[in-house]
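Note sheet for the following structure.
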Amino acid sequence: MTEQFDVVVAGAGPAGAQCARDVAERGYDVLVLETEAEDEFPRQSNKSTGGTFPSMMASFNVPDDVVMQFTDSVVLESPNEHFVRDMAGAVLEFADFKQWLVDAGREAGAQYRFDARVSGPVLEGGEIVGVEYNGGEQVYGDIVVDATGPSAPLAQELGVANLERRNQAIGVEYEFEGVDLDHPDYADLTDAMMLRLDHELAPGGYSWIFHTGADTAKVGLCYIQNDEFRRHATADRTIDGYLDYWLERDPRFENAERIAGKQHRGSAHIQPPDSMSTANFMAIGDTVPTIDPLWGEGIHKCMESGRAAAITADRCLTPATPDTSAEEMAIYDELWHDRVAPKMRTRLLMTRLLYFAPNDRYDRLMRDLQRADDDTLARVNNGDKMAMRKMFHLSDLPMLAQFARQHVGS
Ligand SMILES: Cc1cc2nc3c(=O)[nH]c(=O)nc-3n(C[C@H](O)[C@H](O)[C@H](O)COP(=O)(O)OP(=O)(O)OC[C@H]3O[C@@H](n4cnc5c(N)ncnc54)[C@H](O)[C@@H]3O)c2cc1C
């Protein structure tokens, strides 16, 4: 007997689980296939620092009990300067958050099948009509959604996504106790999320300390192994080697100890999306990829993409004769560009420029940020070109020219 659902979702991350929750709330039959075992879920996929903001918590009705620590500032650090911005935030216990999303989806009527590793599409007439999982099992769906993050087995085979290794950012993080969060030589990181631009610690990327209560914090770093990385990298130092290097040198970690079992690592691609849909199919979350390239805010963006996919599924399946043709599914691409990640190309360019800049320019950036008003900062963060222009100096011209030669149009 073939099993048939309105919607089949591969992957129970923020994108897939939110998509299933929304689709189920609209009354459709939805099945989520998740590769990990239920009793240890999430294990390998427990990869995220979980830093987020009230807009995400409110949009998706996320309960406070999955929050480790509410924060009230974001701190940017460079090698010798820092900039503090008052901004409410929350550091999630990512595992609890993922489990809560599964429970909320089930309450809405979504079915979950764990220990179910999706390997590829079931095709009829060249179109996807279902998925294969666990080597030979099949399940059919009017609409199939790939939400497996960077593994993307369906999207890659359908030619919808083209995640390239050269654009893959890798990250590692440990949770620590005994961190000096208010060291006299640095900004006060109590109730703060701190991101540090410093090529010595994270070549071509950034590192972070997110306060998680008392003297505990999540400490990690990420980078892409691209030209910027190679320009600043130390031969043979691994990503764990970079973290150790930072831990050994920064006095805030003098008495810090790793908390057993609290290690997170993962990856996401930083690249412009290709198409995201085809007949009967959508790719969401980091399968696209959807993560904000500049600061790695992926949870909110990926959940928004899940919501856009659910809206599209509803629209395609509602008519008496459902229409899941490529043209109708492309509504999702429009929603993604309009609502989920507007100005993605500008943000990618800003990201490349930011990580292209040398360490001494980061110090100057912090001083400029300290002087800028809130409106300019918000506009810069939203990719407003006029506001961005204000952040440049005449002395930046050689750097901008070099950047243009290497990156513009690439
Ligand atoms: C180290 C690190 C720190 C981060 N910190 C933050 C942060 O502070 N704030 C923030 O907003 N974002 C952060 N992010 C980004 C954020 O975690 C991701 O953007 C987000 O988790 C992506 O959601 P997703 O649902 O698209 O994919 P994923 O979270 O990757 O979920 C994919 C799901 O699919 C499952 N799966 C994979 N392959 C298969 C398969 N073949 N079959 C079935 N199931 C499968 C996986 O087990 C997983 O459950 C961080 C990422 C990393 C790596």
Side-chain angles (χ1 to χ4, degrees), residues 8-20 31-38 40-53 55-57 68 71 74 89-92 94-95 97-99 101-102 112-120 131-135 145-157 161 163 168-174 193-195 205-210 212 218-223 239 243 263-270 283-293 295-306 309 340-341:
V8 173
V9 179
Q18 181 56 41
C19 179
L31 173 70
V32 183
L33 299 168
E34 164 58 46
T35 191
E36 294 192 348
E38 181 159 17
E40 54 187 23
F41 178 78
R43 207 170 72 134
Q44 204 178 326
S45 72
N46 183 14
K47 62 182 184 182
S48 184
T49 313
T52 194
F53 297 96
S55 50
M56 186 290 263
M57 303 287 287
M68 293 176 88
T71 53
V74 171
V91 183
L92 304 176
F94 193 61
F97 168 69
K98 281 193 76 166
Q99 188 57 55
L101 262 179
V102 171
Y112 271 83
R113 198 164 293 165
F114 286 87
D115 258 326
R117 187 177 172 279
V118 171
S119 50
V131 300
E132 278 208 4
Y133 68 99
N134 291 353
V145 177
D146 192 340
T148 55
S151 56
L154 304 172
Q156 298 269 35
E157 198 164 324
L163 300 177
Q168 188 181 30
I170 52 172
V172 63
E173 161 187 282
Y174 286 84
M193 294 192 245
M194 183 281 274
L195 300 164
Y206 60 92
S207 56
W208 62 84
I209 302 175
F210 284 15
T212 49
K218 296 182 177 182
V219 180
L221 63 94
C222 66
Y223 51 67
I239 191 160
L243 188 56
Q263 183 202 143
H264 315 283
R265 58 180 75 225
S267 71
H269 291 75
I270 304 298
I284 66 175
D286 277 348
T287 301
V288 173
T290 306
I291 189 168
D292 180 63
W295 298 118
E297 194 191 356
I299 297 169
H300 191 180
K301 293 273 166 205
C302 291
M303 291 174 82
E304 288 290 356
S305 77
V340 178

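Note that ligands are numbered from 1 as they come in the structure, with each ligand's atoms numbered from 1 the same way. Since we're looking at a predicted model, the values are computed, not measured.
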Handout entry: More than 12 heavy atoms from other groups under 6.0 Å of CD on Glu40
Key = yes
Below the 3.5 angstrom mark, is there an N/O of [X], backbone or side chain, next to an N/O of ligand 1?
X      : result
Pro153 : no
Trp208 : no
Gly296 : yes
Arg265 : no
His300 : no
Glu34  : yes
Thr287 : no
Val118 : yes
His264 : no
Gly266 : no

Do [X] and [Y] come close enough that some side-chain heavy atom pair is under 4.5 Å?
X      : Y      : result
Val9   : Leu33  : no
Ser45  : Phe94  : no
Ile291 : Ile270 : yes
Val8   : Arg113 : no
Met193 : Val91  : yes
Cys222 : Ile170 : no
Lys98  : Phe41  : yes
Val102 : Tyr112 : yes

[X] heavy atom under 4.0 Å from ligand 1:
X      : result
Gly220 : no
Gly50  : yes
Pro42  : no
Lys98  : yes
Thr52  : no
Pro289 : no

Considering only protein heavy atoms, which is closest to [atom], and at what distance to one decimal place?
atom                    : result
atom 28 (P) of ligand 1 : Lys47 NZ, 3.6 Å
atom 34 (O) of ligand 1 : Gly11 CA, 3.2 Å
atom 16 (C) of ligand 1 : Ser48 OG, 3.9 Å
atom 33 (C) of ligand 1 : Gly13 N, 3.6 Å
atom 27 (O) of ligand 1 : Gly149 CA, 3.7 Å
atom 19 (O) of ligand 1 : Asp286 OD2, 2.7 Å
atom 15 (C) of ligand 1 : Ile291 CD1, 3.7 Å
atom 44 (N) of ligand 1 : Thr35 N, 3.2 Å

Per [atom], closest listed option by heavy atom ([options]):
atom                    : options                      : value
atom 32 (C) of ligand 1 : Ser305, Cys302, Ala147       : Ala147
atom 12 (N) of ligand 1 : Ala17, Ala152, Gly298        : Gly298
atom 3 (C) of ligand 1  : Asn46, Ile284, Thr290, Thr49 : Thr49

Rounded distance (nearest 0.5 Å) linking atom [atom1] of [X] with atom [atom2] of [Y]:
X      : Y      : atom1 : atom2 : answer
Thr148 : Leu154 : OG1   : CG    : 6.5 Å
Phe53  : Glu297 : CZ    : CD    : 5.5 Å
Leu195 : Thr49  : CG    : OG1   : 9.5 Å
Leu92  : Ser48  : CG    : OG    : 7.5 Å
Tyr206 : Trp295 : OH    : CH2   : 7.5 Å

Problem - Counterpart residues, side-chain hydrogen bond (donor to acceptor under 3.5 Å, both in side chains), relative to Gln156 (two or more places apart) - result: none
Practice task
Taking side-chain hydrogen bond (donor to acceptor under 3.5 Å, both in side chains) as the test, write out the residues that go with Ser267, two or more places apart.
Solution key: Gln168
Would you kindly specify which portion of [X] sits under 4.0 Å from ligand 1, judged on non-hydrogen atoms: side chain, backbone, both or neither?
X      : value
Cys222 : neither
Pro14  : both
Ser119 : neither

